[in-house]
Amino acid sequence: MPTTQSAAKTKAADLAILGGSPAFSEPLHVGRPNVGDWNRFLARVNDLWERRWFTNNGPYVREFEGKLAHFLGVKHCIPVCNGTVAMELAIRALGLSGEVIVPSFTFIATAHALQWQEITPVFCDIDRSSHNLDPKRVEQMITPRTTGIVGVHLWGRPCDVEALSALARRHHLKLLYDAAHAFGCTCRGTMLGNFGEAEVFSFHATKFFNTFEGGAVATNDDTLASKIRLMKNFGFQGYDNVIYIGTNGKMTEISAAMGLTGLENLEESISVNRRNYCAYKRGLGDLPGLEMITYDEGERSNFQYVALEVDEGAAGIGRDQLLALLHAENVLARRYFFPGCHRMEPYRSLFPHAGLLLPETERLARRILSLPNGASVGAADIETICSLIRFAVEHGGDIRRELATRDASRPSQDTSLHG
Ligand SMILES: *Cc1c(COP(=O)(O)O)cnc(C)c1O
């Protein structure tokens, strides 16, 4: 999408937050959907329209299911209506109960999928560099009520799967992964989707690969797979025969048509994301106090997330100031996953002191910022975003002073950000 850009900033007052004109005329979003070929999608929509088969394990869902399993190299990959329901199904089919250990630094659905079934999410701290569960901390959170561990491959970067499976084995715990970010990513050359008892993907529109709404459970366990297949369709085995408690977790044909079209475009989506990620990396260079997440060159990654850690002391500008500054310029960066699940309801009321055991989570939640990526973000956009960030770091002192003066003169101004 063409966005017009205003002239480069030469002094603090040129910034939109201080009254200048925004760098972009249209908002740039994090997670604008990646799409495949429109005509191929349309041809599939035509077919399903003619067929009048819209849901209930139709031909596109079955084709999609086969292609997913083949792509991931996994025995079963069951399409579901969304990632959250896929998590709920996997959790229930695994028979989790009591307490389950999860990171707090994740999207809220990871915790909700447990709490929804009255299983207590026990929030565990993360490793400073990987942003994923710290296995040493996981071990300390195990109690007699613990039945499982849910690891999240945050930003598509794999958890320490070896340490976690050793731990799970030693303590007789079930191991499930929330792989919502990790479609198309590998761990030691094996596609994520093959680890733990099962792994769950999200195909939500903001994710790397989407089916509008959608998700899937991947597993190499035949028994678990057949249980989940029953559970996602009310427990029906054939007509008029319910053999299990279930829900409605079915994916629709139009979502599967979108998925089949997107799969054909996967390599293209990865290379666009990768190109953008590298452009950000070059553009931000070695600015003090800013650190972009890195992806292991030896693995496959989808490069969907351009997450930046802001160290206020070294950068001379805080994460929230940088965020407000970028929003004013129409760069809608996001604070994924601020403030951490433990600081959101119902968990903050249930576990008011959880943060005491989550120092790394709290630290990262204060520092992280996600920048726009995907096919709608071009090289010139990234250059502009990087020069805004460079400018902010170079003029941090001026900007902070100007903002403080303004805040002092307008104390009631609403500085809240988009949700
Ligand atoms: C998006 C997401 C989910 C939920 O997936 P939906 O398809 O939106 O229901 C779960 N976990 C994580 C980490 C996510 O980012």
Side-chain angles (χ1 to χ4, degrees), residues 29-34 64 68 77-92 100-117 119 121 123-124 126 130-133 148-159 176-185 192-193 195-196 198-218 228 232 247-252 254-256 258-259 262 273 293 301-307 334-342 344 347 361 364-365 368 370 373-374 419:
H29 293 274
V30 175
R32 204 151 173 272
N34 290 328
F64 186 46
L68 283 174
C77 189
I78 305 156
V80 175
C81 58
N82 62 56
T84 304
V85 169
M87 280 294 289
E88 288 167 7
L89 288 169
I91 287 163
R92 187 146 188 153
V100 170
I101 297 168
V102 285
S104 172
F105 199 72
T106 176
F107 183 59
I108 194 70
T110 316
H112 278 355
L114 292 161
Q115 186 72 30
W116 192 254
Q117 330 193 37
I119 298 164
F123 296 119
C124 178
I126 50 177
S130 74
H131 300 179
N132 286 327
L133 274 181
I149 303 168
V150 175
V152 180
H153 305 300
L154 207 80
W155 320 128
R157 302 191 303 177
C159 289
L176 173 67
Y177 288 106
D178 178 340
H181 300 176
F183 191 69
C185 304
L192 296 179
F195 296 92
E199 302 209 47
V200 170
F201 295 99
S202 166
F203 305 144
H204 181 258
T206 56
K207 300 303 200 292
F208 162 63
F209 165 76
N210 87 89
T211 61
F212 305 119
E213 290 268 5
V217 186
I228 290 169
K232 74 157 185 175
T247 184
N248 184 352
K250 291 178 269 102
M251 177 176 273
T252 64
I254 198 155
S255 282
M258 183 68 170
N273 276 350
I293 59 163
S301 305
N302 60 35
F303 294 92
Q304 176 75 354
Y305 296 93
V306 181
R334 298 291 305 272
R335 294 185 288 188
Y336 294 149
F337 288 93
F338 178 83
C341 295
H342 69 290
M344 301 204 246
Y347 314 107
T361 300
L364 189 60
I368 204 88
S370 288
N373 197 7

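Because the structure is predicted, anything quoted here is derived from the model rather than measured. In listed order, ligands and their atoms are each counted from 1. Note that these values count all heavy atoms, side chains included, but never hydrogens, waters or copies made by symmetry.
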Derivation and outcome, side-chain contact (heavy atoms from CB on, under 4.5 Å), residues Phe123 and Val102: CA-CA 5 Å; Phe123 296 119; Val102 285; 3.7 Å; yes
Short side-chain to backbone donor-acceptor contact, Asn302 and His181, under 3.5 Å: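 Checked: pair present.
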Partner set under side chain to side chain donor-acceptor pair (under 3.5 Å) for Glu88, not counting sequence neighbours: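 Not a single residue meets the side chain to side chain donor-acceptor pair (under 3.5 Å) criterion with Glu88.
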Qualifying side-chain hydrogen bond (donor to acceptor under 3.5 Å, both in side chains) pairs with a residue from residues 101-112, counting only residues at least two apart or across chains: Ser104-His342, Thr106-Thr110, Thr110-Asp178, His112-Tyr347
Could you list each N/O atom of ligand 1 together with any protein N/O atom closer than 3.5 Å, one pair per line with the distance?
residue	atom	partner	partner atom	Å
ligand 1	5 (O)	Ser202	OG	3.2
ligand 1	7 (O)	Gly83	N	2.8
ligand 1	7 (O)	Ser202	OG	2.7
ligand 1	9 (O)	Gly83	N	3.4
ligand 1	9 (O)	Thr84	N	2.9
ligand 1	9 (O)	Thr84	OG1	2.6
ligand 1	11 (N)	Asp178	OD1	3.4
ligand 1	11 (N)	Asp178	OD2	2.7
ligand 1	15 (O)	His181	NE2	2.8
ligand 1	15 (O)	Lys207	NZ	3.2

Set of side chain to side chain contact (heavy atoms under 4.5 Å, CB included) partners for Ser202, sequence neighbours left out: Ala180, His204, Lys207
Phe201/Phe183 aromatic ring centres below 6.0 Å: yes
